[in-house]
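What follows is one structure encoded as structure tokens, with my remarks underneath.
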Amino acid sequence: MIFGRSERGKPPVEPVTLKILVAGGFGVGKTTLVGAVSEIRPLRTEELLTEAGRPVDDTTGVERKHTTTVAMDFGRITLREDLVLYLFGTPGQERFWFMWDELSEGALGAVVLADTRRLEDCFAAVDYFERRSIPFLVGVNCFEGSARYPAEAVRRALDLDADVPVVLCDARDRESVKEVLIGVVQHAMAHAAGRRGALTS
Amino acid sequence: MSADGQGSSHWFDDEAGPVVRPYAMTRGRTTSPGQHRLDLIAVVVTEPQAQNPEADPTLAPEHVEIVGLCRQAPQSVAELAAELDLPIGVVRVLIGDLVHAELVHVTRPVPPAELPDESILRDVINGLRAL
Ligand SMILES: Nc1nc2c(ncn2[C@@H]2O[C@H](COP(=O)(O)OP(=O)(O)O)[C@@H](O)[C@H]2O)c(=O)[nH]1
Ligand SMILES: [Mg+2]
């Protein structure tokens, strides 16, 4: 089912796990993107929320509060027996940002999916990753019927830094999504090299 | 629990309503004392000596299920939550109990404050290309 099964007496392989986040507005294609490359059907997990939209992390008074859940979906790509990449797509609304805080901890990087018909839906996600210096790439999901904007026009509209990659993609297409993910990791590498350089100079 | 269809008899509904039962399961706790929040991609591995958790009266069926699942193959916290059809916060508590009882251990993902190793990133790129 999951990672290398343990043979009798042999301890199971404990893989290194990494994660990439998939952000963007409602209906932009996050779940579709995860599903296009995941070896498992995108799974849903839920986090408990209090009414205030905060995660439940202490018990005092919890019983009396209404508690709700928020779903996020995730997929898995086993790159090697000992190397597994997870993709997490979560709701883009600001009230779910506590989940972003948790998810972005230790994340390799992020994909911000954008739909040119409503670019403003991804402003919040762009802001979020910019402020935290999390390497991200903007994937413009090319729905039929949406005018094809050149990547540069999207970059200007989103006021992105010059080094943030913008790629046109199709969230349903496995090869296209692979390219997007490779782009994120390459960008993360450059980002890390830049930080190393800054640290040593 | 969830695989056999019984798990669809939710104690919370999809529209997100009041939740009662997970708290009963964890006796009202939502995080384990003194425990670092487990990352969603932290991997849970059953200890070889955890032979017979069913016999332990202090463990809930969900504890036993986690021990069994992670004996077959190590699993991430997120996968366990999906598999057991339980909220992540609840699964974290259950895992915390099992770590405390030394029935499982948890491998941490790349520590957040560290830059991921460049060779790992290169392996990820090559692995994605080869998909
Ligand atoms: N035509 C087209 N439809 C897409 C594309 N990506 C997603 N969709 C559709 O858009 C809808 C919303 O996608 P979904 O992945 O659920 O969005 P999410 O809310 O961001 O997770 C679904 O019906 C998808 O089938 C795309 O690239 N092209
Ligand atoms: Mg979705």
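These numbers come from a predicted model, not from an experiment. Labels below follow one simple rule: chain letters A, B, ... track the order of the sequence lines, proteins then strands, and each chain is numbered from 1.
Applying the side-chain hydrogen bond (donor to acceptor under 3.5 Å, both in side chains) test to every pair with at least one member in residues 121-131 of chain B, sequence neighbours left out, gives these pairs: A:Arg80-B:Asp123, B:Glu118-B:Arg122. Pairs passing the salt bridge (charged side-chain N to carboxylate O under 4.0 Å, His left out) check and including a residue from residues 13-26 of chain A, sequence neighbours excluded, read A:Lys19-B:Asp39.
For A:Arg132, the salt bridge (Lys or Arg N to Asp or Glu O under 4.0 Å) partners at least two apart in sequence or on another chain are A:Asp101.
Contact annotation for A:Leu85: only side-chain heavy atoms (C-beta onward) come within less than 4.5 Å of a heavy atom of chain B. With a 4.5 Å cut-off on non-hydrogen atoms, A:Leu181 touches chain B through its backbone and its side chain both.
The shortest distance between side-chain heavy atoms of A:Gln186 and B:Leu121 does not fall below 4.5 Å. Two residues are said to be in side-chain contact when any heavy atoms from C-beta on lie closer than 4.5 Å; A:Val13 and B:Pro74 fail this criterion. Using a 4.5 Å cut-off on side-chain heavy atoms (C-beta onward), B:Leu128 and A:Glu179 make no contact. Using a 4.5 Å cut-off on side-chain heavy atoms (C-beta onward), A:Phe88 and B:Ile41 make contact.
Residue B:Val124 is tested with A:Ile20, A:Val185, A:Val184 for a side-chain contact (heavy atoms from CB on, under 4.5 Å); the sole match is A:Val185.
Taking each heavy atom of A:Tyr86 and B:Glu79 in turn, the nearest pair found is OH-OE1, 2.6 Å.
At a heavy-atom separation below 4.5 angstrom, chain A is approached by B:Val45 within residues 44-51 of chain B.
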